[in-house]
Amino acid sequence: MSNQADRFLWGTATAALQIEGASHDDGRGDSSWDVFARQEGNTYRGDTADIACDHYHRWEQDLELLNALGVGAYRFSVSWPRVMPSGRGVVNGPGLDFYDRLVDGLCARGIVPMVTLMHSDLPQALELAGGWAKRETALAFAEYASVVHRRLADRVDLWLTVNEPWVMAWQGYGYGRHAPGLQDPRQAVAALHHMLLGHGLAVRAMRADGSESSFGVAANVNPVRPISQRSADVAAARRWDGHVHRSVLDPLFGRPLSDDLVSHYRAVSDFEHVRPGDAETIAGSSDFLGINYYRPEYVGAGGDAGDRVTKTELIVPEGVATTGMGWPIDPAGLTETLQRIHAECPGVPLFVTENGTACYDYPDPSGLINDVERVDFLRSHVAAALAAREHGVDLRGYFAWSLLDNFEWAEGYAQRFGLTYVDFRTQARLPKRSFHWYRDEIARRSVRTGSAAAASP
Ligand code: FCB
């Protein structure tokens with residue numbers, strides 16, 4: 001990995017669709033998520049990403065927030081349909097220029113950029129042609145990645161190709177909760193393969209540019225816990241873990257899909273989408289791995305109501321503390337997850353590329369947003385990440401999700417994850433108590449080593 005990644009990076013993360021808005025400005029095309037959100041019934045109260053945080057126009061103000069936070073790094077995503085409105089071919093100059101200015105603005109403030117190339121916003125033109133279920137999308141992704149990389153690689157060393165491929169594939173094509181809203185497990189199996197293939201092809205194309213860049217995927221990884229020690233529940237937890245994690249990590253790190261997984265997927269897919277050479281393209285394509293960690297999952301053997309592919313069901317046990325999203329709070333699960341991945345993928349540097357919580361935030365009459373739950377959450381999870389580091393995990397950075405309250409996919413604007421409160425009516429930004437806490441934490445941990453981005457235990 002390149003030098004910049006040798007020091008520990010404290011950062012925050014965002015994604016284009018969730019903050020940019022300006023959905024039709026300067027030649028941007030629609031993404032599948034724009035279209036999905038505009039269709040009735042797909043998002044909370046019909047919220048769309050059309051305006052979001054208006055970051056496209058307010059990016060300088062948002063960079064000043066990063067400055068005030070004192071982060072050493074910022075993870076953001078590039079909107080494919082802003083750069084290539086039809087997904088392939090013609091490059092939209094003003095769209096690419098936006099990211100050029102953003103990167104310049106980060107560099108001018110001494111903040112290391114980490115770029116995600118694909119965070120759920122597939123150009124709608126490609127979605128209409130079959131989206132990730134089609135191999136052509138993986139080829140198109142490599143072309144797009146190369147265009148962005150050639151423009152920014154002189155200033156950006158850290159590249160994430162796809163964010164949460166399992167979520168995009170299965171929530172989008174299998175369970176229908178995310179764009180494009182399909183409920184077709186056959187297409188989901190193919191989509192996941194093509195996302196990983198797209199990652200491999202994109203890395204190959206970008207490496208051919210001859211830069212010093214490092215490449216990785218940001219994967220959602222949760223500890224999976226059986227709801228009881230009954231053998232049926234233990235087996236169900238193993239199936240779910242295979243479905244959500246091993247389906248991504250095994251191909252990326254050169255291991256064949258395990259037999260249990262293949263037999264479940266065989267029930268819905270003939271695997272015709274896999275071609276000779278694909279496994280080699282996917283394997284060996286990662287210099288590091290990003291882990292998005294939010295919660296553990298408790299899994300039992302499912303009845304008819306459960307997941308029809310893996311015959312499992314997810315249950316939140318009674319009495320477990322949860323976030324605004326209803327997700328169990330479990331900082332030790334982050335240490336466990338990092339240690340697990342370190343053991344399974346030896347020698348691979350790791351980043352926590354997302355971690356955070358949704359709370360019921362509001363400005364009080366004096367204008368303060370006293371999000372004590374988020375402070376507790378971040379404090380315990382930062383400690384858990386550093387504990388893994390002390391146990392020998394090669395952890396290179398921690399990115400809090402998120403800089404701003406934003407468009408939380410199907411939850412619309414109802415779930416607030418930001419360190420900064422956004423009044424969506426006026427677009428005012430109000431740093432929350434957690435913003436100040438994180439700022440002080442970064443400064444405190446950096447004092448001992450004298451570097452704004454260095455970690456001390
Ligand atoms: C992750 C997504 C991110 C954000 C958080 C809360 O799964 O990658 O965009 O929505 O969840």
Side-chain angles (χ1 to χ4, degrees), residues 11-21 31-34 36-37 42-44 47-49 52-53 55 74-80 114-122 132 160-172 174-175 177-179 192 195 199 216-223 244-245 248 289-297 314 322-330 333-334 337 351-361 371 373-374 377-378 381 398-420 422 432 434:
T12 62
T14 61
L17 187 100
Q18 295 179 275
I19 64 167
E20 284 181 3
S31 73
S32 57
W33 252 102
D34 294 294
F36 180 75
N42 287 340
T43 62
Y44 186 75
D47 285 346
T48 73
C53 308
H55 168 77
Y74 175 53
R75 175 182 174 220
F76 66 93
S77 83
V78 172
S79 159
W80 184 350
M114 178 186 265
V115 170
T116 311
L117 287 161
M118 173 66 201
H119 199 125
S120 298
D121 44 1
L122 186 71
W132 285 109
L160 290 159
T161 52
V162 287
N163 182 70
E164 300 193 351
W166 184 87
V167 172
M168 283 199 289
W170 279 92
Q171 298 294 13
Y175 304 126
R177 297 185 196 113
H178 285 189
L192 182 54
M195 285 173 197
H199 158 80
V217 161
N220 49 288
V221 190
N222 308 320
V244 180
H245 303 125
V248 172
L289 184 67
I291 307 283
N292 294 353
Y293 173 82
Y294 289 92
R295 57 170 159 159
E297 286 179 311
L314 299 182
T322 55
T323 70
M325 295 285 280
W327 294 347
I329 300 171
D330 191 338
L334 175 55
T337 295
F351 289 87
V352 175
T353 36
E354 287 181 29
N355 176 237
T357 181
C359 307
Y360 177 59
D361 297 324
D371 57 336
E373 304 92 337
R374 183 172 291 102
F377 186 98
L378 292 176
H381 284 76
Y398 172 92
F399 290 74
W401 183 272
S402 179
L403 175 65
L404 303 166
D405 291 339
N406 58 45
F407 176 74
E408 178 46 39
W409 310 114
E411 306 302 325
Y413 299 99
Q415 296 288 340
R416 294 178 176 271
F417 275 89
L419 299 167
T420 311
V422 177
K432 302 178 191 174
S434 57

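Predicted model, so just to flag it, every value in this text is computed and none were measured. Order of listing sets the numbers, starting from 1, for every ligand and every atom in it.
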Can you sort out the partners of Phe377 under ring pair (Phe, Tyr, Trp, His ring centres under 6.0 Å), two or more places apart, ordered by chain and number? His381
Heavy-atom contacts with ligand 1 below 4.0 Å: which residues, ordered by chain and residue number? Gln18, His119, Asn163, Glu164, Asn292, Tyr294, Glu354, Trp401, Glu408, Trp409, Phe417
Got a sec, which residues hit side chain to side chain donor-acceptor pair (under 3.5 Å) with Thr337, two or more places apart in sequence or on another chain? none
Side chain Gln415, main chain Gly324, donor-acceptor under 3.5 Å: yes
Is Asp361 paired with Arg374 through a side-chain N to carboxylate O contact shorter than 4.0 Å? yes
Counterpart residues, side-chain contact (heavy atoms from CB on, under 4.5 Å), relative to Ser79 (two or more places apart): Ala16, Glu20, Arg28, Pro81, Arg82, Tyr99, Asp121
Arg416 (side chain) donor-acceptor with Val422 (main chain) under 3.5 angstrom: yes
